[in-house]
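Lettering of chains follows the sequences in order, A, B, ..., and the numbering in each one begins at 1.
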Amino acid sequence: AQTVTQSQPEMSVQEAETVTLSCTYDTSESDYYLFWYKQPPSRQMILVIRQEAYKQQNATENRFSVNFQKAAKSFSLKISDSQLGDAAMYFCAYYSGAGSYQLTFGKGTKLSVIP
Amino acid sequence: SAVISQKPSRDICQRGTSLTIQCQVDSQVTMMFWYRQQPGQSLTLIATANQGSEATYESGFVIDKFPISRPNLTFSTLTVSNMSPEDSSIYLCSVVGGTAPNTGELFFGEGSRLTVL
């Protein structure tokens with residue numbers, strides 16, 4: 001079974017600085033999808049960024065980028081120029097592409113942004 | 001993107017009672033998913049609800065405890081039956097998102113936070 005591990009339960013970053021959230025996963029598949037989801041306090045969970053395993057290029061969405069290391073099964077999220085609105089729980093998730101839409105989530109990292 | 005509304009947003013329930021959570025989507029969707037997020041834990045898929053068929057439950061979840069209805073392509077309900085304090089969780093409704101098929105991308109509702117006393 002696939003597992004997703006987020007080793008940092010909590011992180012903090014100074015406003016305007018850069019922070020990296022870690023995620024490792026375990027799978028025997030060669031093709032799959034990885035995600036970072038953001039869950040602000042008492043608000044809707046939203047997709048931050050998606051990475052297809054067959055793509056060598058790291059995904060980027062504005063201030064958010066990933067460092068995808070397929071061989072190491074590592075998928076970290078870098079947030080540049082951190083803003084107060086980035087404060088949230090961040091979940092790393094894995095999807096095998098099997099069609100069942102059963103995503104495997106990590107336990108999350110709570111990010112605090114210090115003004 | 002889909003707009004997903006869940007009701008109630010939060011509730012406090014007594015042990016042994018049942019509560020039904022509603023999920024309304026602003027567009028027609030084939031698949032709807034119910035996730036549970038226990039305190040301090042990650043999200044776990046409870047079941048997949050397809051319109052016109054029985055819901056498909058994941059290991060560890062049974063229909064008697066979590067009956068699901070899917071009367072049409074925009075609406076679903078999840079009932080948490082005979083609740084115990086261990087059922088205290090956030091329950092999330094989600095639907096398939098994204099422009100490419102089968103990428104695993106999901107849209108989520110805001111969740112229903114249940115506390116069972």
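Contacts between B:Arg113 and chain A at a heavy-atom distance below 4.5 Å are absent for every atom of the residue. With a threshold of 4.5 angstrom between heavy atoms, A:Gln6 does not approach chain B through any atom at all. The part of B:Gln37 that comes within reach of chain A is its side chain, from C-beta onward, which places non-hydrogen atoms under 4.5 angstrom from that chain. The contact between A:Leu47 and chain B is made entirely by side chain atoms (from C-beta outward), counting heavy-atom distances below 4.5 Å. At a 4.5 Å heavy-atom cutoff, the contact between A:Tyr95 and chain B is made by side-chain atoms alone.
The candidate with the highest count of non-hydrogen atom pairs below 4.5 Å against chain A, out of B:Thr56, B:Leu45, B:Leu43, is B:Leu43. Heavy-atom pairs under 4.5 Å with chain B peak, among A:Gly108, A:Ser96, A:Gly97, A:Pro9, at A:Gly97. Of the listed residues (A:Met89, A:Met45, A:Gln39, A:Glu52), the greatest number of heavy-atom pairs within a distance under 4.5 Å of chain B belongs to A:Met45.
Looking at every heavy atom in both residues, B:Val29 comes nearest to B:Arg70 through O-NH2, 2.5 Å. Across A:Lys38 and A:Asp86, no two heavy atoms sit closer than the pair NZ-CA, 3.9 Å. Taking all atoms of both residues into account, the shortest heavy-atom contact from B:Ala2 to B:Val25 is CB-CG1, 4.1 Å. Looking at every heavy atom in both residues, A:Ala53 comes nearest to A:Lys70 through O-NZ, 3.6 Å.
Ring centroid separation for the pair A:Tyr37 and A:Phe91 does not come in under the 6.0 Å cut-off. Checked against the 6.0 Å centroid criterion, the rings of A:Tyr54 and A:Tyr32 do not qualify as a close aromatic pair.
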